[in-house]
Amino acid sequence: MKVLSVGGGAREHSVVEALKRSNAEIFSVMKNKNPGIASASVEFVLMDECLVEQVADWAVSKGVDIAVIGPEGPLGEGLVDVLESRGIPCVGPSRAASQIEISKEYARDLMKRNNIPGYIEHRVFDNIDDVMPFLEEFGKDVVVKPIGLTGGKGVKIMGEHLHSLDDVVEYCREVLENKIGGEARVLIEEKCVGEEFTLQAFCDGKTLSPMPAVQDHKRAYEGDEGPNTGGMGSYSESGGLLPFLSRAEYDEAVGIMQRTIDSMREEGTPYKGILYGQFMLTADGMKLIEYNARFGDPESMNVLPILQDDFLAICQDIVNGSLSAAVRFDNKATVVKYVVPIGYGIESRSGEKVHLDESSIKNTGAELYYASVNEEGGQIYTTTSRSLGIVGIASTITDAEFISEEGLKFVGGNVFMRHDIGKPDSIRKKVERMENIRGSRSA
Ligand code: AMP
Ligand code: GLY
């Protein structure tokens, strides 16, 4: 079967590897030349993935049978609507359903309207004069979010980036005046405190089939310090839970996502594709921080390599509306560590050589996924985004972490990575933090 893959990051490389295991013939569209995707493809084209008509022309000319869309940009531009109007079914939501990620206002309003648990109190402003009176009355710490996409960099949090109500108003003014995220509207919501985790699920519009829970690390530096990033690495535990996450809590998060897709279907915007829920366990219970309309990056690298069932068959079930509620995964722990350019999170150095010894990495047992790099003359160069994901898979997080570190020994250049991700000490701190939060809950 011919499959169109859209996107050139490590997320898409892991998708392509999973499709290859199903014997798919891959045709890929990406803006950078990801060597992993390129070598796995029957054919690839370098193209801006958001030019949806051009992407569709190319896909039609190759006679692809089904498409899997990686990044949110083309979803927001309506790539799925265009491909489907031209007879290519897609694993990915329509433009209308992708609003669950593209518009933070849509996601919060949907939850409020339908009384979905996990909702965080929010208000949207288009007039700066209304902000200070609201903050004074609200009386709690807040988070400020542009409505549209900002690549994870638009969210500012009181106590971290904003230190007074005046700071909050000033940032809201900046968002409104500069239309950060594409609109002169800004969302303010209650600040939550707790431990975050990701839950990804396959969805066919009606059935939701959850994957193992994952914890990403957004901060650039070890000890969760420094600027927010797209994610520096992530881990998952065998059995699908996390060291700080109980079965009941996992099920609660699944329930929130199921209620969300039920509401979307009832409102005439059925959701199919991959739904990504970012949750936070707080003293006030489970909160939904945001939805994404796609696999997470790095989180796809935690789940796809341990997928037991045939990925292409799942993709077909998603587009045919015949998804099973119980997709199976190997009982394994995973640790992903991202190698990123020096300066990443502030100002990445692009065009730098990345040295790596692919066969030695494979010999350690680690898996390698290329991210936003370019390949020229057999040499790998950084872009401004993340470069490589190195994945360890084993029975325990500790063993998986060890394998990812063995793989990292064969990577060099003007790059850095977080060695603390998945280390026992780092996990213990998260468990202790969660125990304190639970303690304050029952107090
Ligand atoms: P987002 O782009 O919505 O994922 O936000 C980026 C990060 O900001 C999240 O992963 C959280 O760590 C943090 N964040 C977002 N919303 C909140 C909130 N309401 N309370 C506390 N932290 C938040
Ligand atoms: N890891 C965060 C994201 O994919 O948005």
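As the structure is a prediction and not an experimental result, all values here were calculated from the model. Numbering starts at 1 and runs along the sequence shown. Counting starts at 1 for both ligands and their atoms, in listed order.
In V193, neither the side chain nor the backbone holds a heavy atom less than 4.0 Å from any atom of ligand 1.
Nearest to atom 8 (O) of ligand 1 by heavy atom, out of I188, L288, V155, is V155. Taking each of T150, I157, V144 in turn, the one with a heavy atom nearest to atom 22 (N) of ligand 1 proves to be I157.
Heavy-atom proximity to K218, at under 4.0 Å, picks out these atoms of ligand 1: 4 (O), 10 (O). Taking every heavy atom of E189 and a limit of under 4.0 angstrom, the matching atoms of ligand 1 come to 16 (N), 17 (C), 18 (C), 19 (N). If you number the atoms of ligand 1 from 1 as listed, the ones under 4.0 Å from a heavy atom of K145 come out as 3 (O), 15 (C), 16 (N). Against a heavy-atom cut-off of under 4.0 Å, K191 is close to the following atoms of ligand 1: 20 (N).
With sequence neighbours left out, the ring pair (Phe, Tyr, Trp, His ring centres under 6.0 Å) criterion links Y119 to H122.
Under the 4.0 Å criterion applied to side-chain N and carboxylate O atoms, D126 and R185 are assigned as salt-bridge partners. Checked for salt-bridge contact, E72 and R294 meet the test: a charged N lies under 4.0 Å from a carboxylate O.
Residue pairs meeting the side chain to side chain donor-acceptor pair (under 3.5 Å) criterion with at least one member in residues 133-146, sequence neighbours excluded, are K145-E189. Within the structure, every pair that satisfies the salt bridge (Lys or Arg N to Asp or Glu O under 4.0 Å) test and touches residues 242-258, not counting sequence neighbours, is listed here: E249-R438.
Results of the side chain to side chain contact (heavy atoms under 4.5 Å, CB included) test with Y370 over P35, S387, S39 single out P35 as the only residue that passes.
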Starting from the N and O atoms of ligand 2, find every protein N or O within less than 3.5 Å and list the pair with its distance.
residue: ligand 2; atom: 1 (N); partner: D216; partner atom: OD2; Å: 2.9
residue: ligand 2; atom: 1 (N); partner: G230; partner atom: O; Å: 3.4
residue: ligand 2; atom: 1 (N); partner: D297; partner atom: O; Å: 3.1
residue: ligand 2; atom: 1 (N); partner: E299; partner atom: OE1; Å: 2.8
residue: ligand 2; atom: 1 (N); partner: E299; partner atom: OE2; Å: 3.4
residue: ligand 2; atom: 4 (O); partner: R294; partner atom: NH1; Å: 3.0
residue: ligand 2; atom: 4 (O); partner: D297; partner atom: N; Å: 2.9
residue: ligand 2; atom: 5 (O); partner: N292; partner atom: ND2; Å: 3.2
residue: ligand 2; atom: 5 (O); partner: R294; partner atom: NH1; Å: 3.4
residue: ligand 2; atom: 5 (O); partner: R294; partner atom: NH2; Å: 2.9

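Residue-to-ligand polar distances keep N228 apart from ligand 1: every N/O pair is separated by 3.5 Å or more. Here's the thing with M280: none of its N/O atoms is less than 3.5 angstrom from an N/O atom of ligand 1.
Of the inter-residue distances, the one linking N374 atom CG with M30 atom CE reads 9.5 Å to the nearest 0.5 angstrom. Atom OH in Y106 sits 9.5 Å away from atom OG in S98 (nearest 0.5 Å).
Not a single heavy atom of K287 lies less than 4.0 angstrom from ligand 1.
In this structure, N302 and S234 have side chains that are in contact, with non-hydrogen atoms separated by less than 4.5 Å.
For the pair K156 and Y171, the cation-pi test (distance below 6.0 Å, angle within 45°) is passed.
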Inset, instruction - Apply the test salt bridge (charged side-chain N to carboxylate O under 4.0 Å, His left out) to residues D420 and K423: give CA-CA distance (whole Å), side-chain angles for both, the deciding distance (0.1 Å), then the verdict. - result: CA-CA 5 Å; D420 62 333; K423 285 233 159 65; over 6 Å; no
